[in-house]
K.L.:
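First, the structure itself, so that you have it in front of you.
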Amino acid sequence: MKLTRREFSAGLAAGLAAPALMRSAWAQGATIKIGMCVPVTGPAAEQGLWAQNGAKLALAAVNKAGGVLGKQVELVIEDDQTTNPGIVLAFSKLAAQSDIVAFLGSIRSTQVQAMAPDVIKVGKPVMIGGTNPDLTHSGNPWLFRFRPNDNYSGRVIADFGVTTLGKKKWAIVHSTDAFGTAGGKALTEALTKLGAPPVLDQGYANQSQDFTPVVLAVKQSGADVLGTYFTFENDLGIFARQLRQLGVNIPWVGSPSVVAVSSTKLAGPALFGTYGVADFAEDSSDTAKAFGKSYRDAYKTAPDNQSAWPYDAITILSAAINKAGSTDPNKIRDAILATQKFAGAEGEYNFDKNGDGLHGYNVVKNDKGKIVYDKHIDFND
Amino acid sequence: MDLVLQLLFTGIGIGAVYALVALGFVLIFRATNVVNFAQGEFSMVAAYLMVVFSVDLGWPYWLSFLIALAGMALFGVIFNLGVYYPLRHRTYLPVIIATIGASILLSNSVLAIYGPQPQVLQGWFDTPGIQLGPVYLDSQYLLIIGVTILLVLFNFWFFEKTLLGKKLQATSQDKEMASLLGISVSTMIMITFIYSAVLGGLAGILVAPVLFVSIQMGSTIALKAFAATIIGGFGDVAGAIVGGLALGVIETFGAAYISVPYKDGFAFLVLIAFLVFRPQGIFGERVAEKA
């Protein structure tokens, strides 16, 4: 048998490539990969760490229970730098790995908005924690939300303040980013429906060093209750201290950051007595308690919503892939949307056609630095 | 009127913070003709040193303060030898890039060592503040304003009345001439870096109880401080102080009376206006003379 030079080179090339091809095929088959865009650096690096903790805890449980489709699940983490360009880059890096079957996006609405166009192009399910209602209401079929959206937080804040606390003169303070603007709008709408339109609607830019003008505006408005949407805990800490220093002591019902672990630590007594809506409250259900216990055992610190939603996202996503019996994006999508009455750490998941899993909030109170569960308010519409 | 007084106090307080950091910018610029973009990180590093000694190790506040400042002096030496000295014969551009690199290195090193969680640092005083009629005076801001006033006096005395100060001035004005007169230029630049690091550190330690200790605390202040130095006149000590105070007051009043979300916008609007109409700043010499 005579080999031509062309046949020889083709054979040589195939021989050289074979081990690599086999290795990549083996790698593709060995595990089920889930990509996660999360802040490892930047202002929210702290919360990013907790999100990873929550996801890894769920991952360990899933793998211990036999994994997904008979394979172990692997998390591929990419730093989103807590910025919009950062998450677009992180997502495109992950999306380039064709063996990743689904993704975890951001808890920040503005970042989810930034990555949304690419999510449609990639066409694979992305679990999100951002609470801007528009994210799942803009016809993007691939976003699934594992926290209640701001329509609900606004409604719960308004309902609790007006009905339970009996306060009608509201001042609203919110960040001017996507999250804060949408939250402030939702709260205004809910209050207007309850016959108590706000007397002040005050936006502020993130990473402000001083909140005196905001506090003075609240003081001058004559409001008897304060509703807030703060994005960053250090902003909230500075605001809370200045609010108390300048003598504003009206009841305060805020978005989840008011009762977040780091805000409680940073602001100290300035936040005593405040109420916050919390998608995660450890005492709200048995599942939440169980999650709290395993989180404390693993990380020696209290969990909050930053770690609870990725925990639920990984749990429900894994269950959905198992139920779908395949990693086909459309089948996973159908399986997630079919998830009903699923007890998660954040609450009971009943996915609607938009991809929203939760439809209510817990109200919790900062009782001298300890966050205590007050009540759960759910809406059916 | 009450409102105006309250805003004025806060504006001056936050302006004094900008002024302290701006002072560090100016001193290094005068000595080396480059802008040190790691000046904000000097403040951040000092605040973290304070957390290490005062919070983690539980040492007395005054002792932690002195050790942190001594640490910053050492840090100034290392910074000079590591970032400026190897590039001293090059144009200003590589040095500026090196300071930006150092700034990224510093913030990420602290992130790696200390983690991303913001830390709480207690203020110097136990009382958070005093109510003076309708105005609430935050004790930490009072301290910051007091320290700024002292530093203005100290700088005047140091640069105008002492031999070392005059040597530093001579070095910043004409290195070759200073060298011919027997002044060791490298030593003078070293001293400048030490002084700037201590000043930046002082600003960081003073502002930490108000803004919390975080990785990005330095960069947010430094940006405003940089604007303040341009408004005051780059290279002018009095300019840095006046520029910082003016910036603090303008943005606070702008926020209160025009728009809160555009607070940072006012600061940079003033900056742009100065760059267009008076690029040499309030006290600055004409740009042509510098060139």
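Every chain is numbered from 1, with letters handed out A, B, ... down the list of sequences. It should be emphasised that the depicted structure is a prediction, and the values quoted were computed from it without experimental measurement.
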K.L.:
Is the closest side-chain donor-acceptor distance between A/Gln245 and B/Asp138 under 3.5 Å?
P.N.:
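Per modelled atom types, A/Gln245 and B/Asp138 side chains form a pair under 3.5 Å.
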
K.L.:
In terms of heavy-atom proximity below 4.5 Å to chain B, should A/Gln220 be classed as side chain, backbone, both, or neither?
P.N.:
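A/Gln220 touches chain B through side-chain heavy atoms alone.
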
K.L.:
For residues 197-219 of chain B, tabulate all N or O donor-acceptor pairs below 3.5 Å that involve a side-chain atom, not counting sequence neighbours.
P.N.:
| from | atom 1 | to | atom 2 | distance (Å) |
| --- | --- | --- | --- | --- |
| B/Ser214 | OG | B/Met217 | N | 3.4 |
| B/Ser219 | OG | B/Gln216 | O | 3.1 |

K.L.:
If the contact rule is any heavy atom under 4.5 Å from chain A, which residues of residues 8-19 of chain B qualify, in numerical order?
P.N.:
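Heavy-atom contacts from residues 8-19 of chain B to chain A are B/Thr10, B/Ile14, B/Tyr18.
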
K.L.:
Answer with side chain, backbone, both or neither: which region of A/Gln47 has an atom nearer than 4.5 Å to a non-hydrogen atom of chain B?
P.N.:
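For A/Gln47, neither part sits under 4.5 Å from chain B.
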
K.L.:
Compute the ring centroids of A/Trp50 and A/Tyr311, then answer whether they are less than 6.0 Å apart.
P.N.:
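No; A/Tyr311 has its ring centre 6.0 Å or more from that of A/Trp50.
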
K.L.:
Output yes when A/Lys185 and A/Asp150 qualify as a salt bridge under the 4.0 Å nitrogen-oxygen rule, no when they do not.
P.N.:
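Answer for the salt bridge query: no.
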
K.L.:
So which of A/Leu266, A/Leu216, A/Ile238, A/Asp210 has the biggest tally of heavy-atom pairs under 4.5 Å with chain B?
P.N.:
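Top option by heavy-atom pairs under 4.5 Å: A/Leu266.
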
K.L.:
Counting only non-hydrogen atoms closer than 4.5 Å, does A/Lys265 touch chain B with its backbone (N, CA, C, O), its side chain (CB onward), both, or neither?
P.N.:
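Both parts, backbone and side chain.
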
K.L.:
Quick check on A/Ser262 against chain B: is it the side chain, the backbone, both or neither that has a heavy atom closer than 4.5 Å?
P.N.:
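For A/Ser262, neither part sits under 4.5 Å from chain B.
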
K.L.:
Counting heavy-atom pairs under 4.5 Å with chain A, which one of B/Asp264, B/Val135, B/Val120 comes out on top?
P.N.:
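Winner by heavy-atom pair count: B/Val120.
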
K.L.:
Look at A/Ala205, A/Gly203, A/Gly247, A/Gly268 and state which one has the largest set of heavy-atom pairs under 4.5 Å with chain B.
P.N.:
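The candidate making the most pairs under 4.5 Å is A/Gly203.
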
K.L.:
For atom CD of B/Gln122, decide whether the heavy atoms of other residues, nucleotides or ligands shown that lie under 6.0 angstrom number more than 12.
P.N.:
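Count not over threshold, so no.
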
K.L.:
I want to know whether B/Phe65 and B/Trp124 have ring centres closer than 6.0 Å.
P.N.:
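Yes, they do, as the ring centres are separated by less than 6.0 Å.
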
K.L.:
Only one of A/Tyr295, A/Phe280, A/Tyr299 passes side-chain contact (heavy atoms from CB on, under 4.5 Å) with A/Ser307; say which it is.
P.N.:
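Per the side-chain contact (heavy atoms from CB on, under 4.5 Å) rule, the option paired with A/Ser307 is A/Tyr295, out of A/Tyr295, A/Phe280, A/Tyr299.
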
K.L.:
Do the two ring centres, one from B/Phe253 and one from B/Phe266, sit under 6.0 Å apart?
P.N.:
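B/Phe253 vs B/Phe266: aromatic centres not under 6.0 Å.
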
K.L.:
Has A/Thr228 got a side-chain atom pairing as donor or acceptor with A/Phe230's backbone, closer than 3.5 angstrom?
P.N.:
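Answer holds: no.
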
